[in-house]
Participant: 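One structure coming up, written as structure tokens, with questions to follow.
What you see below is based on every heavy atom in this structure, not just the backbone, and it leaves out hydrogens, waters and symmetry mates. Per chain, numbering begins at 1; letters A, B, ... match sequence-line order.
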Amino acid sequence: MTLTVFWIFGVIAMGSGLLCITRKNPIASALWLVVTLFALAALFVLLDAQFIAVLQVLVYAGAIMVLFLFVIMLLNLGRPGPTDIKGPLGLLGATVLAGALLLLLRPLGEAPLPAGIQLPPGTVATLQQQRGMVGSVATPLFDTYLVPFEIASVLLLAAIVGAVVLAKRKL
Amino acid sequence: MTGTTVDLIWLAPALALLGFVLNGTLALARPTAKTLVSTIGAGVLLAAFGVAIAVFSAFTGLHAPTEAPVVFRYWSWIPVGTLQVDFALQVDQLSLVMLLVVTGVGSLIHLFSIGYMKDDPGYARYFAYLNLFVFFMLVLVLGASFPVMFVGWEGVGLCSYLLIGFWFTEEVNANAGRKAFIMNRIGDFGFMVAMFMIFWSTGSLDFDTVFAHAPTALTAGGTAITVITLFLFLGCTGKSAQIPLYTWLPDAMAGPTPVSALIHAATMVTAGVYLVARCNLLFALAPVSSAVVAGVGALTALFAATIALQQWDIKKVLAYSTISQLGYMFLAVGTGAMTAGMFHLVTHACFKALLFLGSGSVIFALHRAYHHTHSHEDAQDMRNMGGLARYMPWTTALMWIATLAIAGIPPFSGFFSKDEILTAAFARGSVEPIWLVFWGLSLVAALLTAFYMTRLMIYTFHGPNRTGEREQTHLHEAPWILTGPLVVLGVLSAAGGLLNVPELYHGGEWLHHWLEPVTQPGAALRPEAPLASGTEWMLVGVAVAVAVIGIVGAWQLLKPERLVPARNAPEERGLARILRNKWYVDEIYDALIVRPLVWFSRVVLWQEIDQRVIDGAAVNGAARGARALGWANRWIQSGQVGTYVAVFVVGVLLILWRAMG
Amino acid sequence: MLLSPALAISAVLFTLGVAGVLLRRNAIVIFMCVELMLNAVNLTFVALAQSLGLGGQVFVFFVMAVAAAEAAVGLAIILAVYRHKQSVSLQNMNLLKDG
Amino acid sequence: MNLNPAIPRDLLLSLLPELVLTGWALVLLLFVAWRHRTVRDLRIAGWLTLLALVSTAIAIWWLWWNRAGVRGVVSMIAADDFRWVADWVFVGAATLTVLISFTYLEREELLAPEYHVLLLFGTLGMMLMAAGADLIVIFLALELMSVAVYVLGGFDRRRARSAEAALKYFLLGAFASGFLLYGIALVYGATGTTNLILIGAQLSSAVRPSAMLLAGLALLIVGFGFKIAAVPFHMWAPDVYDGAPTPITAFMATGVKAAAFAALFRVMYQAFAAVPAWHEIMWWLAVITMSGGNLFALGQRSVKRMLAYSSVAHAGYVLVAVTAGGVAGTSAFLVYIVAYTLMSLGAFAVLIAKGRAGESDVTIDDLSGLAARRPWLAFALAVCMLSLLGFPGTAGFIGKWYILIAATSAGQNTLAAILVLTSVVSAGYYLPVIMAMYMKPEPIEAAHVDVRLDRWARAAVAVVVVGLLLFGVWPNRLFDLARSAGDSVHAVGTTTAAP
Amino acid sequence: MYARWVLTALLAWPLITGVVVLLLPARLAKYVALAASVIEFAISVPLWWTFVPDGGMQFIVDHAWIAAWGIHYTVGVDGISLFLVLLTTFLMPLSILGSWSYITKREGGFYALLLVLTTGMIGVFVSLDLFLFYVMWEVMLIPMYFIIGVWGGDNRLYAAIKFFIYTFLGSLLMLVAIIVLYVHAGRATGVYSFAYAHLLSNAKDLGPVAWWLFGAFFLAFAIKVPLFPLHTWLPDAHVEAPTAGSVILAGILLKMGTYGFLRFALPFFPAVALSQTVQLVIVILSLIGIIYGGLVAMVQPDFKKLIAYSSVAHLGFVMLGIWALTLQSVQGALLVMINHGISTGALFFLVGMIYERRHSRLIAAYGGIARVVPLFAAILTMVSLSSIALPGTNGFVGEFLVLIGAFRTYPLATALATSGVIVAAAYLLTALQRVIYNPLTQHENENLTDLTPREIAVLVPLLVGILWIGIYPKPLLRRMEPSARALIEQLKPGTVQAPPAGAGAGAGGGQQ
């Protein structure tokens with residue numbers, strides 16, 4: 001049952017992903033991407049990552065994609081115009097290369113994880129029930145992953161400074 | 001060290017070298033000091049001649065004939081491992097003969113040169129070269145080992161080169177000098193290879209050691225000794241102008257006439273004969289090589305004589321005559337008649353020097369006459385001469401002596417030496433019939449010799465004068481400084497036969513006995529070929545008859561009255577033309593060897609292989625290729641991110657494939 | 001177990017992202033495709049987290065931070081370029097090239 | 001939600017340099033917020049940056065000196081000699097970049113002190129990359145560094161070239177980050193951890209690496225390959241180097257590359273030493289990078305682009321050290337990267353002097369006759385070129401020699417031979433620079449009149465030249481340092497045979 | 001005491017003075033440089049007497065340098081390198097004096113580079129540590145590159161870069177080979193060191209790798225020699241270089257290749273070097289060099305190119321001599337190396353002198369100038385004769401020894417090589433004729449001035465050398481012999497015959 005639902009959302013994600021890359025209007029692409037992100041959020045829920053799923057909707061589909069759309073609008077790219085999709089040669093090249101990549105990545109879906117490192121099934125779900133949806137992610141964030149967390153904060157600061165510099169009207 | 005005058009032998013070459021150094025310095029510093037130059041130039045030679053005589057007399061007093069040569073080692077020259085070459089001089093019977101000839105004839109020619117060259121701007125340089133030549137010639141004949149001899153051997157070649165090209169501003173002269181040197185070098189190549197083989201066969205290069213070891217170290221008649229001697233003989237053909245390397249000698253007449261007399265007639269060109277005589281033991285061990293030597297000698301004698309028949313340049317006639325006579329000498333030494341060869345060498349030195357100097361005297365006279373009238377006729381062309389006997393009686397008389405000598409008319413010197421050679425060849429023919437062919441060839445050559453020499457005399461001194469109306473008044477006998485040496489040489493040419501009067505005429509065969517210590521080891525290895533005295537007389541008769549036929553025939557056949565001056569002379573036809581053009585040998589060499597080689601070097605080796613293939617295709621091609629790859633990259637590095645991404649993904653695919661495959 | 005399907009879907013999405021980058025010329029769309037790739041990876045992380053512990057989910061958090069930072073900077077850069085060229089098509093980005 | 005306030009002392013200590021630098025960066029940011037209008041502000045910001053870097057260097061030195069203070073891996077941060085030496089390289093590169101930026105920024109009227117802030121953030125990213133003992137730290141640090149450098153690359157917004165460079169760099173960089181991240185995810189999946197040492201332990205016991213691990217490893221290599229500009233992931237480099245402001249180009253060519261390599265070394269040898277698969281890939285990557293970089297550089301007229309391809313080629317040389325591995329390979333990398341940082345920065349510094357306001361390309365011909373007019377400058381550039389070429393007497397030679405020793409010790413004779421053969425090709429483009437300066441006449445009388453460096457840049461160039469020559473003749477101390485650093489990487493990981 | 005510092009002084013002095021010259025005002029440069037090089041020569045001269053011919057290394061100095069890799073500063077000379085060092089110090093003052101009026105721009109740089117070059121060249125010859133050797137080997141490349149590139153002729157840039165890249169190609173592969181040797185020896189013994197003796201004694205058991213290593217060394221040295229077909233950099237470099245550059249290039253740089261073969265390639269890989277294949281290759285290439293070099297020289301329109309190709313031929317003799325490995329041939333090879341330095345050096349000086357007057361190197365631009373400049377003509381003739389190995393000059397002794405020695409090992413090849421003497425006469429005498437003989441047709445040549453005292457001062461030492469070695473080479477041969485003997489003994493044990501008991505008697509048993 002879960003599996004079926006999982007696949008349904010998976011297909012939605014893949015289908016809208018395909019549409020995202022093939023729609024000639026950037027806005028359409030962006031919207032299809034949002035659909036993909038939502039589908040992914042659903043998948044996250046199915047994978048016992050409810051908090052991440054929420055973040056996905058809030059941060060990704062909400063904030064980041066809005067930013068994209070904003071910029072697209074700002075640059076007035078939504079108007080009908082020549083497509084930015086490459087010609088038949090580009091299509092062929094992209095298909096061949098992507099197909100090859102997929103072919104090479106195929107074993108990933110089949111290989112089981114090494115037994116030694118796997119947790120017993122349901123461990124994560126149990127953990128989340130114990131600590132709560134947020135706490136189970138937040139605790140390691142401020143404990144084990146303190147250093148990366150701080151780096152991420154500096155990263156965002158740097159990005160802000162950078163964005164400000166680039167967007168400033170006058171240097 | 002013997003404690004006698006023989007010890008002073010080093011003085012002879014040293015004096016000549018001193019002359020060179022002094023005159024060379026003068027040539028660069030004060031070329032006008034002609035008196036000083038002549039004093040030094042001729043003085044050192046006379047002194048050297050004096051040393052030679054002193055050494056000779058001391059040596060005769062010192063030694064019983066069978067004793068070993070006296071070797072003086074001055075310093076260790078090339079000492080490396082077993083190769084120990086000392087700078088050493090060797091005094092023995094053979095080298096003494098050569099010493100006397102070189103210094104004696106040399107002195108006369110130096111004296112002659114004082115007069116002959118007196119107006120030349122390069123006077124000091126000339127004497128410097130001449131002195132240097134004598135130095136090297138003495139090293140050649142006195143050297144006690146192959147390398148030391150080789151010093152002289154190449155040194156005389158150098159001087160020959162310098163003197164042939166003495167008037168270097170004419171391209172012909174410079175070419176002739178170069179040709180001489182290169183041709184000689186071909187021979188020297190043979191000499192060197194022979195030296196290498198001798199060293200590794202006998203362990204030494206000193207004459208005494210080599211000759212002592214050779215009979216045991218080398219199998220008689222074996223390949224090694226045959227190859228060695230053939231290579232040695234290759235050296236001789238270069239230096240002594242034998243087939244196939246003779247072509248430089250006629251061209252060498254471009255040098256001043258005294259040079260032709262000294263170097264290209266009397267001394268240097270006989271070095272090959274001397275070498276074979278010196279190595280007679282080695283040649284005795286190699287019968288095949290000896291036959292080759294004799295055969296080449298006989299063939300050259302005839303071949304050069306035919307060309308001499310139709311030359312107009314007086315010096316060219318003499319040059320071919322020299323080649324021909326050298327052929328006789330090689331026939332002699334190839335036959336094993338070392339004494340005969342050396343004997344002819346000595347007599348030839350006298351009469352050929354006389355002939356050259358005589359012709360020099362004629363040229364001098366003509367040149368002076370033309371100089372007076374400012375005309376540019378060829379002073380060496382016999383068609384411009386004729387009837388000179390009237391103006392130059394001394395010269396004419398002396399030239400006739402020499403002509404008779406070379407033609408082999410008794411009792412002049414040439415008769416004895418040439419007859420000895422012919423006899424020896426005939427005698428050897430009784431053992432090995434091939435020698436009868438050689439004998440036949442040389443007999444025909446003798447006939448031709450008499451003919452062309454008489455032709456030369458008739459056209460030059462007899463008949464009407466063709467020099468020119470105005471010039472006739474300026475024709476004179478040469479001054480005493482020129483004729484003086486001629487007289488001395490005339491005496492020697494006439495009486496030189498006394499040196500080795502055969503037993504046939506109850507002579508003492510002095511030279512034969514004198515050289516015996518040197519020639520004996522080789523002679524002992526050769527087959528005996530005795531001749532009955534009747535046969536000998538018959539041979540003498542044939543030889544004399546041939547000479548007389550040649551002279552009389554020429555006198556009868558040639559019509560000097562019909563001859564026209566060179567300027568108006570018609571082209572010859574038929575055989576005459578071929579002979580006039582020396583059988584086209586130079587042209588053939590040029591077409592077959594020189595031009596193809598130069599073309600090959602320039603076009604194939606340099607332009608194609610070096611420049612196009614190696615440098616162009618390989619070296620610069622690699623550079624260009626690398627650069628082209630760099631440039632080609634611009635097609636990909638086009639600024640298009642799409643391309644970059646595609647290449648990137650290809651890279652990803654490859655890495656994934658390698659990692660997971 | 002949802003791991004295998006999740007990994008498969010993730011691989012497909014990642015490939016789609018790559019294909020999009022290969023296929024498009026519009027800088028913003030390409031950037032969106034890159035986001036698609038990042039999301040594909042997120043799916044992998046989350047799927048793995050189910051078997052390997054919560055670390056995977058924390059990574060997703062970090063990826064989002066990175067995505068946000070990149071978006072901020074990236075869109076600023078795209079704007080800067082647009083000011084010069086009045087276009088965001090990569091076809092017009094050809095000032096810099098060999099030769 | 002309970003925050004753990006008791007942050008271990010060791011962690012703070014081991015992050016001391018980064019903390020110092022971050023602190024300075026924040027101070028500078030505050031300063032910039034108030035004062036960002038005049039040239040004077042810019043200069044003060046520059047001095048503050050120098051101060052920041054110097055104090056960071058002192059902190060590094062103190063940690064290195066005081067080894068007992070902190071050792072080993074503390075919460076995803078490695079504290080070993082390798083890190084200290086690498087940090088010095090980054091700080092050095094940043095310092096030299098700041099020194100050569102003074103004139104440049106003023107001349108190009110880039111009066112934005114944020115430049116220095118971003119430079120500090122970039123340096124911080126690099127330091128964290130070298131420090132990261134966990135893939136996630138490395139990834140975040142890499143992003144931090146990249147974000148800073150993306151912006152710096154497009155800093156000269158007024159010029160389309162700069163903006164275009166930034167866009168290309170950004171798009172391709174983000175694309176490559178995707179692969180890197182995917183690689184991390186797969187490695188995580190295959191081993192259950194992102195900690196390098198744990199991965200290493202995990203793998204040393206595994207019989208046969210799984211497909212997921214191999215795919216992850218491959219994608220990691222791709223991700224790093226992009227940052228180090230290995231062929232075929234190099235194509236951004238010439239364009240971006242060309243368009244970016246020259247001091248930033250120098251910073252990218254040296255610092256960014258060094259950081260990527262440092263992380264690569266750590267990842268490969270602490271985590272994946274037991275997996276043989278990547279050696280062959282590295283081998284091929286090294287070969288095509290060396291060949292490609294050198295051959296493509298031959299076709300360049302612009303000095304900057306030429307140096308870009310040259311930096312690709314040098315990445316290839318360092319990849320040889322990666323392939324060779326072992327203590328020798330790691331030490332060789334450090335020595336080489338020190339030399340490369342010096343010579344590359346020196347070359348770019350001279351290029352800055354030669355460029356004019358609103359510079360387009362400086363071509364090789366533009367340098368004609370420089371030696372006659374500016375002998376010292378020409379000398380400096382000549383030394384840099386010779387060092388890049390690997391000529392004895394310069395640090396470049398010592399570095400190359402070390403890589404060759406590492407390669408042959410690892411039995412990679414063919415690779416060593418290919419390295420030198422491609423070096424020969426490099427003579428084909430380094431020499432023309434010298435040739436132009438010394439052997440060609442000045443194109444016009446006034447060609448080089450205004451070519452001069454201010455005192456800061458001059459100091460930088462002097463340091464570079466002295467350093468190149470000093471290390472070229474007397475590299476002993478550098479060797480000791482590199483050696484102990486190399487040891488420290490491998491002491492943690494598995495045992496690799498080393499001479 | 002002298003033994004302890006002499007080599008170091010020889011290396012350091014030119015370097016220091018070079019820097020001084022660079023910093024001094026340009027007008028003083030040549031005086032200081034001349035003084036420095038004369039002092040350098042003076043320092044080196046006592047080597048001649050203090051050297052003890054015992055076959056071993058002498059004047060050894062050994063200091064640790066880069067301890068991490070076992071690199072030492074180790075220098076020393078034996079009978080093989082002694083004369084190359086002396087030749088270097090001998091040619092340098094002459095080169096500087098010979099450039100007196102030739103170099104007119106950037107004099108300081110030029111003379112400084114010459115001095116630095118001296119250090120590099122001497123360094124190559126005295127290094128007993130392969131790292132040091134390699135460094136020196138490369139160090140001399142840069143000054144030469146600049147000398148050609150800055151002060152050269154019209155096509156100097158091409159020639160300079162060609163010279164550089166060509167040499168660089170070979171030397172870099174040699175670098176790899178050196179390192180492989182180092183690693184191999186280190187693995188075998190646990191001692192990691194670049195010391196010559198260490199690597200030499202551990203260059204065994206390399207297996208097939210030895211072929212590759214030999215190949216790398218071979219390439220490096222063969223390019224330098226240069227062996228056909230790796231020679232094409234030489235004509236360009238020679239033609240474009242200024243006089244001093246050509247002199248040093250021909251006189252010393254080429255010898256580095258042959259020296260390398262003697263010192264490294266042969267002793268390190270005797271099994272490979274003396275294998276049938278390699279012998280065949282070397283002998284054939286030497287032969288091609290001798291004959292081909294000569295024939296190509298014959299058709300050159302440019303005098304300097306002619307001399308350059310003649311160098312190919314001369315060095316062919318050296319290679320033949322080295323590979324023949326008899327006492328005579330090896331010593332002959334050493335002697336030819338020295339002779340070539342003197343004679344070809346002198347030829348380049350002479351061409352340079354006439355070039356300064358007439359600004360043409362084309363043979364066709366001259367003709368008949370012996371009348372105008374007799375002294376020049378006389379000296380040119382003498383030097384040419386030395387170059388074509390006329391007995392009595394140095395050239396003969398060397399070539400004779402090479403050929404007679406090589407004949408034992410390769411009779412046929414040596415016989416063919418001997419024909420090189422014919423070709424040599426052909427090309428040099430033809431050129432001589434076309435330059436100083438023949439009619440004087442070009443008006444520009446009528447007012448040429450003869451040699452100045454300075455030029456005579458440059459040439460006289462060379463002429464003295466030509467005659468001295470030609471007539472009394474024993475002092476040189478005596479000093480070389482033990483080293484040559486040791487080398488052969490090491491490579492082909494038991495093939496060196498003892499010298500005869502009574503030197504000069506030539507009574508030693510011949511070998512058949």
Participant: Count the heavy-atom pairs under 4.5 Å between each of B:Phe87, B:Tyr161, B:Phe600 and chain E, then report the option with the highest count.
Facilitator: B:Tyr161
Participant: Just give me the residue among E:Leu477, E:Thr418, E:Leu440, E:Ile165 that pairs up with chain B most often, heavy atom to heavy atom, under 4.5 Å.
Facilitator: E:Thr418
Participant: Please give me the minimum heavy-atom distance between E:Phe400 and B:Pro147, naming the atom from each residue.
Facilitator: CZ-CG, 4.0 Å
Participant: Contact part of B:Asp188 toward chain E, heavy-atom cut-off under 4.5 Å: side chain, backbone, both or neither?
Facilitator: neither
Participant: To the nearest 0.5 Å, how far apart are NZ in B:Lys179 and CG in E:Leu429?
Facilitator: 15.0 Å
Participant: Can you check whether B:Leu205 reaches E:Ile404 side chain to side chain, under 4.5 Å on heavy atoms?
Facilitator: yes
Participant: Does the side chain of B:Ser601 come within less than 4.5 Å of E:Val296's, by heavy atoms?
Facilitator: no
Participant: Can you tell me how far CZ of B:Phe196 sits from CD of E:Gln328, rounded to the nearest 0.5 angstrom?
Facilitator: 11.5 Å
Participant: Is it the side chain or the backbone of B:Ile186 that comes within 4.5 Å of chain E heavy atoms, both, or neither?
Facilitator: both
Participant: What's the verdict on side-chain contact (heavy atoms from CB on, under 4.5 Å) for E:Glu399 and B:Met192, showing C-alpha distance, side-chain angles and the deciding distance?
Facilitator: CA-CA 11 Å; E:Glu399 277 183 23; B:Met192 286 181 83; 5.7 Å; no
Participant: Of all the heavy-atom pairs spanning E:Glu481 and B:Val80, show the shortest one and how long it is.
Facilitator: OE1-CA, 4.1 Å
Participant: For a quick test of reading the model, state the closest non-hydrogen atom pair linking B:Arg185 to E:Ala389 and the distance between them.
Facilitator: NH2-O, 3.4 Å
Participant: What part of B:Met183 is in contact with chain E, defined as an atom under 4.5 angstrom from a non-hydrogen atom: side chain, backbone, both or neither?
Facilitator: neither
Participant: Check whether B:Leu162 gets within reach of chain E through its side chain, its backbone, both or neither, counting any heavy atom under 4.5 Å.
Facilitator: side chain
Participant: Assess the pair E:Phe396 and B:Phe150: is the distance between their ring centroids shorter than 6.0 Å?
Facilitator: yes
Participant: So how far is it from B:Met197 CE to E:Arg408 CZ, rounded to the nearest 0.5 Å?
Facilitator: 15.0 Å
Participant: Kindly give the heavy-atom pair with the smallest separation between E:Ala370 and B:Phe168, and that separation in Å.
Facilitator: CB-CZ, 3.4 Å
Participant: With a 4.0 Å cut-off on N to O distance, would you call E:Lys162 and B:Asp615 a salt bridge?
Facilitator: yes
Participant: For the candidates B:Val193, B:Val613, B:Val604, which exhibits the highest count of non-hydrogen atom pairs separated by less than 4.5 Å from chain E?
Facilitator: B:Val193
Participant: Which atom names give the shortest non-hydrogen contact between B:Trp77 and E:Gly470, and what distance separates them?
Facilitator: NE1-O, 2.8 Å
Participant: Search all heavy atoms of E:Leu401 against all heavy atoms of B:Leu83 and return the closest pair with its distance.
Facilitator: CD2-CD2, 3.5 Å
Participant: Can you tell if the side chain of E:Val423 reaches within under 4.5 Å of the side chain of B:Phe189, non-hydrogen atoms only?
Facilitator: no
Participant: Parallel, tilted or perpendicular, judged at 30° and 60°: which one describes the rings of B:Trp75 and E:Tyr472?
Facilitator: perpendicular
Participant: Among E:Arg478, E:Gln300, E:Arg371, E:Gln331, which residue has the highest count of heavy-atom pairs closer than 4.5 Å to chain B?
Facilitator: E:Gln300
Participant: Heavy-atom pairs under 4.5 Å with chain E: which of B:Asp610, B:Ile182, B:Val151, B:Leu158 has the most?
Facilitator: B:Asp610
Participant: Chain B: which of E:Leu335, E:Ile388, E:Thr381 shares the most heavy-atom pairs with it under 4.5 Å?
Facilitator: E:Ile388
Participant: Quick one, E:Trp233 with B:Val619, criterion side-chain contact (heavy atoms from CB on, under 4.5 Å). Give me CA distance, side-chain angles, the key distance, then yes/no.
Facilitator: CA-CA 9 Å; E:Trp233 62 271; B:Val619 177; over 6 Å; no
Participant: Counting only non-hydrogen atoms closer than 4.5 Å, does E:Asp236 touch chain B with its backbone (N, CA, C, O), its side chain (CB onward), both, or neither?
Facilitator: side chain
Participant: Heavy-atom pairs under 4.5 Å with chain B: which of E:Ser419, E:Ala406, E:Gly367, E:Gly392 has the most?
Facilitator: E:Ser419
Participant: When rounded to the nearest 0.5 angstrom, what distance separates CZ in B:Arg602 from CE in E:Met298?
Facilitator: 8.5 Å
Participant: Would you check if B:Asn173 and E:Tyr437 make a side-chain contact, meaning some heavy-atom pair closer than 4.5 Å?
Facilitator: no
Participant: Just give me the residue among E:Leu432, E:Ile436, E:Leu375, E:Ile471 that pairs up with chain B most often, heavy atom to heavy atom, under 4.5 Å.
Facilitator: E:Ile471
Participant: Heavy-atom pairs under 4.5 Å with chain E are the metric here; pick the option from B:Glu170, B:Gln611, B:Arg178, B:Glu154 that has the most.
Facilitator: B:Arg178
